[in-house]
Amino acid sequence: MIRRTTGAMAVTAALALPLALPVAGALGLTAGPSAAPAAAAKADPERDHAALGLSKDEKLVVRSVVTDPDGTQHVRYDRTFKGLRVIGGDLVVENSPRGAKQDARFNASGRASVASTTPKKSAAEARGVAAQKAGRSSSVKDSELVVWAGGASPRLAYDVLTEGVKADQTPTRLHTLVDADNGAVLYSWDEIKQGTGNSQYSGQVTLNSIQSGSTWLLKDSIGNHTTDLNGATSGTGTQFTDADNIWGNGSTTSRQTAGVDAQYGAERTYAYYNSVLGRAGIWNNGTGARSRVHYGNAYVNAFWDGTQMTYGDGSGNTRPLTSIDVAAHEMSHGVTENTANLNYSGDAGGLNEATSDIFGTAVEFYANNSTDVGDYLIGEKININGNGTPLRYMDKPSKDGQSPDCWSTNTKNLDPHYSSGALNHWFYMAAEGSGAKTINGVSYNSATCGGAPAVTGAGRTNIEKVWYRTLSTKLTSGSTYAAARNGAIASAKELYGASSQTCASVQAAFDAISVPAGTESCSGGSTPTPTPTPTTPPSGNLLGNPGFESGATVWTGTAGPITNNTGRPARTGSWKAWLGGNGSTSTETITQSVAIPSTVTSATLSFWLRTDTAESGSTAYDSMRVQVVDGATTSTLATYTNVGTNATYTQKSFNVTAYKGKTIQVKFLMNEDSSLQTSFVVDDTALATS
């Protein structure tokens with residue numbers, strides 16, 4: 001949605017549901033089309049359920065599947081617990097081409113179980129609480145008993161839906177989560193988020209209209225179509241039709257003109273996602289969407305409501321909010337809703353809003369329209385400020401008066417319209433670099449934060465692809481800027497390589513907006529750069545039973561790997577952790593929880609690794625991942641496979657100083673396929689500090 005405030009102007013607002021989408025039919029909602037049914041045939045929820053070690057009361061529900069060219073599969077799941085829908089329990093599982101789980105990213109705590117599914121408060125009491133929160137202009141439509149897993153610990157709750165219309169004509173479909181034990185409000189979100197034809201903003205354009213009898217429809221063969229609400233604030237509107245297939249006159253004196261801009265924006269946005277990112281529209285199933293224009297009276301806004309885009313006519317009904325970057329922004333909220341489904345609060349809210357700005361900008365460049373050329377300004381055509389200035393500036397977000405250029409611990413407390421500023425700044429610098437430059441006739445001057453080094457851009461199209469992969473395979477509903485940094489660097493490595501300019505630009509741009517370094521780094525491939533790599537770890541080992549000589553103590557996980565079996569040698573002593581070596585489908589883990597003091601100046605995780613295999617060739621069939629689990633976030637430090645084994649102990653070291661002040665889990669995770677063994681033998685571990 002687009003909104004105007006007093007003083008500095010707010011930009012387009014997020015339009016994605018902040019939590020897991022309702023199960024079709026739940027709460028009486030009309031569910032939009034989804035790619036999940038087709039994708040479900042390619043996923044294996046039972047296998048992933050077992051690999052994740054979930055309880056029998058939890059069920060995985062496939063939301064979407066992204067498959068890489070090499071067969072690696074990223075399955076996005078929602079969950080149920082004892083038949084109740086789990087809100088905020090979403091996760092992404094990455095599986096190897098041969099089906100073994102390689103990684104998992106959970107939202108929030110990762111837990112979804114509650115002690116009891118019997119509520120202490122009645123549904124009627126919960127509906128009363130929700131009605132009071134929604135206000136007199138709304139009415140309760142439905143309620144459902146659910147599990148809320150988006151907080152620190154899961155809670156039994158009622159999801160109560162209220163509907164109404166706000167004072168500014170914006171419709172509202174407010175979800176309020178009411179604690180089923182004590183009646184407290186746990187969370188709330190609104191489904192409606194504030195955000196050849198002759199067009200008003202893009203000049204004369206070609207439209208893919210279709211013919212029905214002797215009449216032309218403002219509709220393409222995919223299903224993108226535009227309707228006229230004629231001032232109404234509800235309903236689907238009337239399909240635009242025309243006798244000669246020449247639409248509008250370039251001004252608001254023709255009602256068709258706003259329809260032309262909206263239809264053009266929808267068609268170009270679909271084409272961009274399909275041809276550049278390989279996504280077949282909002283729902284990734286080849287289906288277009290409806291655009292409704294002429295909403296309300298002098299409505300200065302636009303929004304996405306889960307199924308369609310809606311546009312007001314602006315101040316005095318003279319500036320419809322239908323420019324191509326705004327249209328692509330709104331449509332991209334639908335893409336976010338059907339991928340990471342980012343919350344509309346905290347860091348995630350800013351990531352949500354910025355994602356729509358990023359792809360709104362990408363579509364504007366992609367359209368290559370001489371009347372509305374590509375730029376890094378948001379909403380520059382619609383003049384919502386009344387003084388000819390744009391809504392947002394990606395090269396220097398603070399120029400709007402309220403958006404920060406740099407990330408800080410306070411960013412999560414800002415309205416998503418403003419907390420998006422830091423990621424917009426990242427996108428601009430990663431694409432174009434820092435410093436002064438002129439692009440398509442527009443002057444920019446982007447400065448790094450906190451004295452960070454200058455950034456060299458890797459090109460806009462590369463960064464667009466990196467961010468889309470991050471959105472579709474790495475982020476969950478509650479992701480933070482830290483998760484965005486790790487996810488984007490991992491995506492850049494996967495797409496372009498760890499030593500590529502793209503990866504370097506992605507990483508440098510996050511440095512330049514002050515997001516602290518995490519566990520992903522470009523310079524060391526899938527392994528962060530050791531600083532330094534010691535032959536003997538420094539003093540201060542925090543790990544218990546580091547050489548496994550006390551047997552299967554301190555470490556937890558699969559029974560069996562910690563052994564003194566002489567089939568593989570220990571590096572020192574008699575005991576070691578022998579992961580794999582089974583020659584059959586198996587998953588094994590060993591894990592230890594460790595607290596890293598906030599006062600340390602450095603922290604280094606190290607261990608000695610010996611690998612041998614019966615596999616041959618250059619295909620990775622068996623793997624072992626070294627991981628750090630920080631709350632709900634699992635980060636992989638390195639991956640070792642059957643390729644390149646040498647049957648010799650070699651020391652591996654990683655800088656984990658970023659986790660100081662936290663209690664983390666050090667985890668070794670092994671996946672072996674159905675034939676031919678690979679052994680990963682770990683000994684003499686250390687988490688040393690100084």
Side-chain angles (χ1 to χ4, degrees), residues 68-70 72 272 275-278 351 354-355 357-359 361-362 364-366 374-376 394-396 405-407 422-440 442 444-475 481-531 635-639 654-655 658:
D68 296 340
D70 69 354
T72 299
Y272 166 79
S275 63
V276 177
L277 301 179
L351 301 179
T355 294
D357 282 351
I358 287 168
F359 292 123
T361 297
E364 188 177 74
F365 273 101
Y366 171 80
D375 54 49
Y376 291 93
M394 300 184 89
D395 67 316
K396 188 173 179 58
D405 295 332
C406 317
W407 179 87
L423 191 70
N424 279 342
H425 194 195
W426 166 82
F427 175 72
Y428 174 84
M429 286 194 290
E432 303 291 351
S434 56
K437 54 182 58 68
T438 300
I439 303 167
N440 281 352
V442 179
Y444 303 96
N445 194 351
S446 192
T448 64
C449 302
V455 178
T456 300
R460 189 189 62 261
T461 55
N462 285 2
I463 304 305
E464 291 166 12
K465 291 173 182 176
V466 166
W467 187 247
Y468 175 70
R469 183 170 181 82
T470 306
L471 180 75
S472 59
T473 69
K474 303 294 187 290
L475 302 183
Y481 266 87
R485 176 183 173 123
N486 276 340
I489 293 173
S491 295
K493 289 193 290 188
E494 292 162 1
L495 291 174
Y496 299 104
S499 60
S500 66
Q501 180 60 57
T502 298
C503 193
S505 297
V506 166
Q507 180 170 293
F510 273 111
D511 290 340
I513 64 166
S514 300
V515 176
T519 56
E520 290 286 353
S521 171
C522 298
S523 55
S526 60
T527 304
T529 305
T531 55
S635 301
T636 298
L637 303 182
T639 301
F654 309 94
N655 180 3

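The chain is numbered in sequence order, starting from 1. None of these values were measured; they are calculated from a predicted model.
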Note to self: Distance alone, cut at 3.5 Å: any donor-acceptor contact between the side chains of S491 and T470?
What the structure shows: yes
Check: Relative to each other, are the rings of W407 and Y481 parallel, tilted or perpendicular (30° and 60° limits)?
Finding: tilted
Margin query: Less than 4.5 Å apart, side chain to side chain, heavy atoms only: is that true for F427 and D395?
Written below: no
Checklist line | From I513 atom CD1 to C449 atom SG, the distance as rounded to the nearest 0.5 Å | finding: 7.5 Å
Checklist line | Candidate pair E520 and K474, rule salt bridge (charged side-chain N to carboxylate O under 4.0 Å, His left out), full reasoning | finding: CA-CA 13 Å; E520 290 286 353; K474 303 294 187 290; over 6 Å; no
Note to self: I'd like to know if the side chain of W426 reaches the main chain of R485, judged simply by a donor and an acceptor atom lying under 3.5 Å from each other, with no hydrogens or angles considered.
What the structure shows: no
Checklist line | Euclidean distance, N486 CG relative to Q507 CD, rounded to 0.5 Å | finding: 10.0 Å
Item checked: Interatomic spacing from CG in N462 to OG1 in T502 - rounded to 0.5 Å -> 4.0 Å
Notebook entry, point to check: Is the shortest distance from a Lys or Arg side-chain nitrogen in E464 or R469 to a carboxylate oxygen in the other one below 4.0 Å?
Noted result: no
Margin query: Quick check: do D375 and E364 have side-chain heavy atoms less than 4.5 Å from each other?
Written below: yes
Item checked: Side chain to side chain, I463 and I358, heavy atoms closer than 4.5 Å -> no
Margin query: Strictly distance-based, threshold 3.5 Å: is any side-chain N or O of S500 a donor or acceptor partner for the main-chain N or O of C503?
Written below: yes
Check: Are T519 and F654 close enough that some pair of their side-chain heavy atoms sits under 4.5 Å apart?
Finding: no
Item checked: Distance in Å, E432 CD paired with Y444 OH, rounded so as to fall on 0.5 Å steps -> 8.0 Å
Check: Minimum heavy-atom separation for C406 to A422, with atom names?
Finding: C-CB, 4.0 Å
Item checked: Test side chain to side chain contact (heavy atoms under 4.5 Å, CB included) applied to Y428 and S434, step by step -> CA-CA 8 Å; Y428 174 84; S434 56; over 6 Å; no
Notebook entry, point to check: Do the rings of Y272 and Y366 sit parallel, tilted or perpendicular, given the 30° and 60° boundaries?
Noted result: perpendicular
Item checked: Smallest separation among heavy atoms of V455 and M429, with atom names -> CG1-O, 3.5 Å
Next item on the list: Look at the side chain of H425 and the backbone N and O of A447, then say whether any donor-acceptor pair between them is shorter than 3.5 Å.
Entry: yes
Margin query: Ignoring hydrogens, what is the shortest heavy-atom contact between A512 and A452? Give both atom names and the distance.
Written below: CA-CB, 3.8 Å
Item checked: Check: Y376 ring centre within less than 6.0 Å of F365 ring centre -> yes
Check: In terms of side-chain heavy atoms, does D357 have a donor or acceptor partner in N424 at a distance below 3.5 Å?
Finding: yes
Next item on the list: Would you check if the side chain of T448 reaches a backbone N or O of A454 as a donor-acceptor pair within less than 3.5 Å?
Entry: no
Next item on the list: Hey, could you give me the SG/OH distance between C522 and Y496, rounded to the nearest 0.5 Å?
Entry: 13.0 Å
Next item on the list: To the nearest 0.5 Å, tell me how far D68 CG sits from L495 CG.
Entry: 8.0 Å
